[in-house]
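Remarks on the structure that follows.
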Amino acid sequence: MNTIDVTMALVIGGLFAVGFFLMLQRSLMRIVLGFILLGHGTNLLLLVAGGTPGRPPVPDGRIDDPAGTADPLPQAMALTAIVITFGLTAFLMALAYRSWRMTGHDEVRDDVEDRRIGTVRERAEAGSAADRETGGTAPGGER
Amino acid sequence: MLFLLAAYAAVAVAIPWWQPRLGRAVWAVASLVPLATVAWAGTRAARVLDGGEYRETLAWAPSLGLTVDLRLDPLSLLMLWVVAGVGALVLLYCRYYVERDAARQAALLLAFAGAMTGLVLADNVFVLYVFWELTTVASFLLIAGRGEEENERRAARQALLVTVAGGLVMLLGLVLLGWTAGTYRISAILADPPRGGAVSAAAVLVLIGAFAKSAQMPLHGWLPAAMVAPTPVSAYLHAAAMVKAGVYLVARLAPALAEVAPWRPMVLAVGLTTMVLAAWRALRATDLKLLLAYGTISELGLLVTLLGAGTRTAALAGAVMLLAHAAFKSALFLSVGILDHRAGTRDIRELSGVGRRMPVLFAVTALAAASMAGIPPLVGYLGKEAYFEAFLYGDARLDGHRQLTVVLVIGSALTVAYAARFVQGAFGGPPEGAARRAERPEAGFVAPVAVLAGAGLALGVGYAGTAALAAAYADAYPPGPHGPYELSLWHGFTPVLGLSALTLALGGLVHLGRRSLPVTALLPDAQRAFDRTIAAADRLALTVTRHTQVGSLPLYLVVLLTTVVVVPGAALAAGAPPLGSPLPWWSPVEPFLAVVVLTAAAAVVGTRHRLTGILLTGAVGYGVAGMFLVRGAPDLALTQFLVETMTLVVVVLVLRRMPARFSPGRTMTRVRLVRAAAAGAVGVLVTCFALVASAARTAPAISSGYAHRMEEAGAENIVNAIVVDFRALDTLGEISVLLVAAVGTVSLIRVGGRGDARTPGGGPGGPSPTAHWDEPVRTWLPGAPERPGGERSVLLEVATRLLFPSILVLSLFLLFSGHYGPGGGFAGGLVAGQALVLRYLVGGRADLGAAVRVPASVVTGSGMLLAAAVGTFPLLLGGVPLESTVVTLHPPVVGTVKFATSLFFDVGVYLLVVGVVLELLSAVGVSLGQDMAEADEAEATAEDEEQGGPR
Amino acid sequence: MTAVLPALPVLLPALGAGVPLLRLSRPVTRGLGVGVLAGVVGCGAALLVLADRHGPQTLRVGGWPAPLGITLVADRLSALLLTVSALVALAVLLFAVGQGVAEERRSSAVVFHPAYLVLVTGMSLAFLTGDLFNLFVAFEVMLAASYVLITLDGDENRTRAGMTYTIVSLTSSLLFLSLVALVYAATGTVTLAQLGARLAELPDGLRSALALLLLSVLGIKAAIVPLHFWLPDSYPTAPAPITAVFAALLTKVGVYALLRTQTLLFPRTGVWILLACTAIITMIVGILGALVQDDLNRLLSFTLVGHIGFMLFGLALFDTRGLTGTILYVVHHIVVQAALFLVAGLAVFRTETAALHRMAGRPRPGPLVVTLFVLPALSLSGVPPFSGFVAKLALLEAAVAQGTPAAYALAGTALLTSLLTLYAMTRVWTAAFMGRPPDRREAGPESPPGAGGDRPRGTRLMLAATAGMAATGVAVAVCAGPLARIGERAAEDLLHPREYRSAVLEGGER
Amino acid sequence: MSVLLDTVTAVLFPAGAAFCFLGALGLVRFPDTMSRLHAAAKAQTLGLVLVLVGASAQMPGRHAPALLLVALFQLFTAPITSQIIARTAYRTHGLDRNLLLGDALADRLARDGTPLGGPGRARPDEDAER
Amino acid sequence: MTLLYGITLTVIAVSGIVTLLRLVRGPLALDRIMALDVLVTMTIAATAVGSAARDDTTAIPVLVVLALLAFIGSVTAAHLIEKREGMR
Amino acid sequence: MTRSGNRRADRVLPALRHVPMIVWLWLLWILLWGATSAVILVGGLLVAVGVVLSFPLPAVLPGAVPEPLRIGRLLIHVLTDLVKSGCTVAWQVVRHGRRVSCGIIEVPLRVDSDLLIAAVAEFTTMSPGSVVVEIDRRRKRLYVHALPVRDRRDIAHRRAEVQAMERRIALAVGHRRGVEDPGPNPARPDDARDDP
Ligand code: NA
Ligand code: NA
């Protein structure tokens, strides 16, 4: 029997889709939001895919049949995951803030060195400089 | 034998320390080690030549087949003498030659000699490879020298890459050979040679390595280039010793592999081609070293041919030629070194008349050259006789031996020609120019040349000794059809003698007619081939890297997600496990919550306001918390609510200092579609995966076991018991994350060190005129009066004054009640944190300081310390870490108090969380309004950019 | 006393992480870090000896038996990697203290040390835990610390790199957590020792999908192509010691997790073609990337990616020899990569640039630095007799022993990669350590690292730490025999985890 | 006793739910932020309090006071939020002046010579404009 | 009684969805803050009903926490808006 | 009185001012636990005292003796008001919706205490149909956004309602002077200071 129901599966799938779509943006703030949503998604997944739903796993003064009690282990794991996600969210926010302070935006720009290597002409110039120094076999230069 | 290697290593390492004191004497000291080797080998020679052998073994990594097996047999002995003998002479010669970096060069030369010694003694294929590569490295270092000149670096690198490439191929061959033979011991492989297809492959691979090392065509290009090295290095490494390593390997393995399919054709084809073409090339060289280098390649071709041919006579000839070549070629190189050193040039066109200026040198050089040309009674002649014999009367295994003999004759004739060209070019002509200025070399400078040249004569005249040495190796083969060939200066008038004479005559003719030789380079330009290969590799590298490493994070993530979707997704789709029969929902409330969650989440995508984004995300969080409640997880819901509020607070506090809207990025529709597709695919995958996985469950969850253990854990709330007791290690990790995240957040936000500056709220428009109206008259919060009136509110301050203690009591309740109901240290800590947030928000930084008079980091640190200490404490009592005990106390008045010691762990968590909140507040905690002007500017800029169109 | 040994590598740094926050004096903080790490090294070594003699050392944390509680397991593999990693962490800490990275600014004194110790906590936990969810937590602990370290005192470039690194790592963490959820959904347990049997009962499609999801997730952490892009864009920007510890340890923990989980949870027989292809691509793409780099640290980072392929090589073969090779390679690579990044740090510290084409024009580092570079560089290239050779040899033998086309393809690629590594190393060598020294010093270095005042002192400690690493690399080669034997036994353990399972699941109750 | 409690619940639950719904409706229907605040803070709070009292009637005796505590806290904190939002809305032009019969505060500010800058309409953010 | 709980819960749930409209539409951030606040109130109400229906008291601490602390987020967010808009 | 007695009184009296808060916190603790075992009672007292001592804050005293009867009446009034005006607002939602009319009313207050003004604002905002927009503490005025407001009479009526609420609150906490005072007096001292 599935421990997960269709509604939950859809919610989780939806959160993953939206969350990852946001993670794929360049603005770090959007990425933070995406990360938070994904955190919700994974925690839900952990909870609902992990165990049977039921009464809270707190005996509450009564002796319940264990069958009707929710699985406590995924709850404990999700609890840990929530906390971790929270800490990292704060850190990401700080990163966004720092980026904004240093560059005036919080976008994840492309890597400069990669771009440099990717641009043949620039590379050729740098390469020829490297050639002179390092032995003539530096790549890419049109000799 | 091990002590020999140790001696080489030790002296090589010690030389840089000795050199400043020893000065030029360092060379003499260095040469002692190879001299000792020669002597040592001499003492062992009798038994070895008698068919005996010496073995030593040192275990290294036997399970990998790596055992330092050393063995002294006739071939090793021969090589050892060559290596150590020439080595000693070269080192002595260096005393006069080397001007600078003496310590480095002496150490390297000695290290090289040691490596060669190890190489020829190795009886394990891997040990052989080890020393093989060590010689390569030494060669690289010696060629590169200081590497100040471009061509030095280039030549060194070329030599390194080519020989290492060959070596790697060879390594694979050796592994294959050893694996097939079932042993990596060379003597064992020779004793019981393996057969089969794998062995053929191994033979080819090994030969490629040997060819690269011995500069066989077409892998020879590095050797001429390596002539930039100092001449003693050329003499030793690139004539006498290192390049012989490949030849040695061929000689070593030929008894076992000569009959394996492609061995003999390969050896003969490559060896003879190399011999002829390189000799031809030598005729055109004007640089004496280059001439010798091509000559060396040619001779190596001959040696490969002879030693790889796999017949007794050929092997005998090869062994003799090996000795001969070592003697004459190093003598010639050293001679060129003297010329270069004294005349300042080694160009044939500039040297003239040196012979008259330096007659002794001329004489000994001529003697060496004569040996190279194969003029009796020198050892070169002995060898030539033997190899003509081997091919002319070779057994059936030397297929097409007549044609091969013709090639040999041509090659030998060309050798005669370039020998003549060398002598003529170096010493001939009337004295002029450089030669006239040249200073005569000291006797000690010429002595090594003389000794080597004399050795050629001695080995020729004393052919019996030479024969004994060579035959001891060659006897590994069965004698040919005409019985064992004996070395001799005179076999009578035989066709072989005729061929010898023919080579001399032809060689002389070629030399005389050298001016009318065609200028075509029959040899392919290996240099260009190497350069092109390197350039191609670089181009490939550039192309691949340019197309993979594009530097764009979103693209990386798309690739990543696509991989995650495609790889497991394909397996899932292919296996198509059942989806099960899931319920539409667990509780009818779920669909409503689902609508809230999904709508809010979707709305996050659309918004361009940061604050709106976080508010909508908060709604998602509340919805998820609702789901937690519905599914019977109040602990989760509680934590989720608290975290949601705290996240909102932290984000908003940071947002305070950032622009209101997202940076206006323009993304192409196509890109957006790709992103949406990737993200959507992950969503679909997760949905299906979750359904499939939960449908597949057969075994009951292990968590049913917890309920029975609650008594032992001293708790009622299973989730809390798991968190602080059963799986407290998770929690310890979790708080470590929190700790480090908080610490990192603080360090990130306190950038530039101007975090404390306080600007009274007010940008262009200033605060609202009503802002200061609700400033309270009385002090309700100790620190609040330090804030400007415009930021105060009587309602908030009074309410905070009333609520703050209540919230703290609530937090303590949650801390202590966690064992019995929803709560625990984390939730409690967050509640207390909220109380502090409230104080900060309403009373400002000063009031937060008044509330908590301990630095935030101290609270965090003590929380962490307490939790970890509670975990460690049971160790002192002989328990296990993180163990919890139920303690029952009977204090007066109260009666019985029962609690689990894991409560203290929870207290640590509580403290840590409070500390973390404090850290976050202190990080973002600058008075409201700080940086607002900056934020505004940034936003204005962004707006301008937006209006200005895409960047 | 030995019974609690497995917990100490986790608890000691966790305890130590809280202390620096209490605002103690610098010497105390430093001494504490060094002491804690030395303790971890000691524990690791003791565990290695015990595990090798008496089988897996287990510890039920909190006294709870396996499926209910978390059991720490130190078997040969985890103890070996723990010891080596802790040793590297110790050397890097000394280097960092020497360079002043740990205390560049006053405020970061309370950042570096806690973060570094938390990093070690996570690493130790990852090696020792016998629980899938706890493994996730361990990764998070390690990664959270690494996020902080990589952005430490960051300029614009470092912040950007930190973003890439953090976001990719977070993505992988989220996927990992989802995987844990799915595994629990399907099996109802997260204890590794129990999972193998329960996973075996699942439908094939689900089982292999889980295996591949795990591979993908850990592949991100281990920087397997095509999941590697983040690494060369982020690692090189961090301060040298941090790059060193990241390069040496973080990816290796990913590889370790891959080894552990794939063998324990998804055992298979015969060569794993998909992983073999991945290994080949990883080697090629990684090393080709290194060839075009001008930045020393980036170049080294790309070689790191390429050499991850070697570690996958052995796992792809999925037999004792292959795994032995992988284990040896991991050990070798941890040490050597750390040494290389440290010596790169030294070179950059002295020449004040990381760009090869600029380095050539700078005063050359002394012969000691050259030697310190040469040893690990040759070792990385697999030149004998250094450690890289031994590890590579083990892999080659494994491939030849298996004799399948895939195995030969792997072997061939490995050899080619070795060659190209050597090529890359010679480029560094000739650019950074050779060439004509400039006649006059260039005016105005572009980025003076560290405070000028106490540089000589710092440099000495840095040199000592680097030399220690290089010496450790040599020691790995010298001790190849015992290492190979332990590696082989560890590989046997991996392939036949009966002992591991019974050590975790059976035995004393509380 | 149980019947009495059940009756209380049976009355209070629908009433509370109705107020909840009306509050939500007001949130949607009312034209400006300030008037929505009434719906949000008032009808909602009332609805909640009714529901809480209804629920506490069903709870075991020792837990019933806790639910009343919830009501108490909600009654205490809801006005605070409302006041802050109202204040902010006014200061940031978040109200529709066309709906106002009179604005004593604006008059007061005018008398003080410190009028709140800018004319009437609320300024929606772009999300709504699109 | 079950029907009563069902109806009550449904009405509250529908109210929640209605509130969601305001949350999504805004137009002011203040509206959203308010809507979020109302959503929390609804959550408390629904949880209380659910607790009564399931005879389950474990959610009470959650309710107390929500009632006492949810306003902090709203106040913080409102502060932000005032600081931003107040300058114009 | 001796000097030492004086000093003790100096210490005891301020401590006594915190008793109401301690009692409330204790009560809160007991209510939260929902139990009255000895452990909880003693623990609660410890917690309450501990919190008050560890986080010192100025005492909250109404400035006079509260009258329980009037407090009860106030609560009843508030609750009925809540229901009454809750219905009003609800009716507005249903009936008028988008065309609701409102106004901002100035309400001068007579009490001159932070606490009481805050309380008036709180209760005013709590009661449906009125939200306090601004509090002018010095001039003792509330600006109330009221709904529905159709004419001047409504305005006066709402103002009177708020002032009635003010009076009830002041009386409930036994604070007669503020209420009896004829009009706003900005110079009036703070309630804390006029406390004997
Ligand atoms: Na000449
Ligand atoms: Na104010």
Side-chain angles (χ1 to χ4, degrees), chain B residues 60-61 63-64 130 133 147-148 153 157 164-165 168 175-176 179 541-542 544-545 553 556 559-560 563-564 567-568 571-572 575-577 689 692-694 696-697 699 701-702 705 725-730 733 736-737 740-741 743-744 747 857-858 860-861 864-865 868 872 875 880-883, chain C residues 4 7 11 14-15 18 21-22 61-64 67-70 110-111 114-115 118 121 137 140-141 144-145 148 164 182 185-186 188-189 198 202-206 208-209 212-213 216 226-227 229 288-289 291-292 383-385 394 396-397 400 415 419 426 430 434 436 480-481 484-485 488:
Chain B
W60 182 9
S63 62
L64 300 176
V130 167
E133 292 294 50
E148 285 176 9
R153 299 195 294 265
R157 187 158 55 178
V164 165
L168 287 169
V175 174
L176 195 51
W179 174 253
L542 185 63
V544 168
T545 309
L553 177 65
Y556 292 171
V559 172
L560 197 150
T563 310
V564 166
V567 175
L572 202 62
F689 224 141
V692 169
S694 72
R697 169 87 72 85
I702 53 104
D725 194 353
F726 291 107
R727 297 179 65 96
L729 197 54
D730 282 344
S736 308
V737 171
V740 82
V743 162
S747 96
S857 66
V858 173
T860 321
M864 183 75 203
L865 208 55
T872 320
L875 299 187
V880 291
L882 290 161
E883 189 175 5
Chain C
V4 298
L11 284 178
L15 266 172
L21 295 174
L22 302 180
V61 180
W64 299 104
L68 297 185
I70 296 165
V110 288
V111 178
V118 167
T121 309
V137 173
E140 287 311 296
V141 172
V148 173
T164 303
L182 293 170
T189 182
R198 290 205 178 187
L202 298 182
D204 278 347
L206 177 59
S208 54
L212 291 175
L213 184 56
S216 311
L227 310 171
F229 305 111
L288 286 183
L291 295 186
V292 299
V383 171
L396 285 183
E397 286 182 33
V400 168
L415 293 176
L419 181 65
T426 55
T430 48
M434 287 182 170
R436 197 183 297 279
R485 278 196 302 276
E488 199 175 328

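First the proteins, then the strands, lettered A, B, ... as listed; each starts at 1.
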Closest heavy-atom pair, C/V4 versus B/P881, reported as atoms and distance to 0.1 Å, is CG1-CD, 4.1 Å

Quick check on the interface: out of B/A165, B/P568, B/A61, who has the most heavy-atom pairs with chain C under 4.5 Å?
B/P568

With rounding to the nearest 0.5 angstrom, report the CG to CG distance, C/L213 to B/L572.
10.0 Å

Scored by heavy-atom pairs under 4.5 Å with chain C, the best of B/A693, B/G705, B/G744 is B/A693

Please tell me if the side chains of C/V61 and B/V880 come closer than 4.5 Å, counting only heavy atoms from C-beta onward.
no

Give me the atom names and distance for the closest heavy-atom approach of B/S736 to C/V141.
CB-CG1, 4.0 Å

Output the option from B/V567, B/L64, B/V737 having the highest count of non-hydrogen pairs under 4.5 Å with chain C.
B/L64

Minimal heavy-atom distance between B/A868 and C/L11, with the atoms involved, is O-CD2, 4.4 Å

Checking B/V164 against chain C: side chain, backbone, both or neither under 4.5 Å from a heavy atom?
both

Quick check: closest heavy atoms across B/G733 and C/V137, and the distance to 0.1 Å?
CA-CG1, 3.8 Å

4.5 Å side-chain heavy-atom contact, B/M864 and C/L21:
no

What part of C/V118 gets closer than 4.5 Å to chain B, counting heavy atoms only: side chain, backbone, both or neither?
side chain

Tell me, side chain or backbone of C/R485 under 4.5 Å from chain B's heavy atoms, or both, or neither?
both

So for B/A699, is it side chain, backbone, both, or neither that comes closer than 4.5 Å to the heavy atoms of chain C?
both

Do you know the tightest heavy-atom contact between C/V111 and B/S747?
CG2-CB, 3.5 Å

Relative to chain B, which of C/L415, C/L68, C/L202, C/T121 shows the most heavy atom pairs under 4.5 Å?
C/L68

Any side-chain heavy-atom pair from C/P114 and B/V740 closer than 4.5 angstrom?
no

Contact leader toward chain B among C/A394, C/A115, C/P385, where contacts are heavy-atom pairs under 4.5 Å
C/P385

Check each atom of C/L227 against the heavy atoms of chain B and say whether the ones under 4.5 Å are side chain, backbone, both or neither.
side chain

Cut-off 4.5 Å, heavy atoms of chain B, and the answer for C/P384 is both

If you round to the nearest 0.5 Å, how far is OG1 of C/T426 from CZ of B/R157?
5.0 Å

Which atoms of C/E488 approach chain B - backbone, side chain, both or neither, heavy atom under 4.5 Å:
side chain

Could you tell me how the ring of B/Y556 sits relative to the ring of C/F229: parallel (under 30°), tilted (30 to 60°) or perpendicular (over 60°)?
parallel

Any side-chain heavy-atom pair of C/I70 and B/L882 under 4.5 Å:
no

With rounding to the nearest 0.5 Å, note down the distance linking CG in C/L419 to CG in B/L168.
6.0 Å

Of all of C/L182, C/T164, C/L396, C/V383, which one pairs up most often with chain B through heavy atoms under 4.5 Å apart?
C/L182

Could you check whether any side-chain heavy atom of B/I702 comes within less than 4.5 Å of a side-chain heavy atom of C/R198, counting everything from C-beta outward?
yes

Let me know if B/S857 has heavy atoms under 4.5 Å from chain C in its side chain, its backbone, both or neither.
both

Nearest heavy-atom pair of C/L206 and B/A696: which atoms, and what distance?
CD2-CB, 3.3 Å

Which atoms of B/L553 come close to chain C, meaning under 4.5 Å heavy atom to heavy atom: side chain ones, backbone ones, both, or neither?
side chain

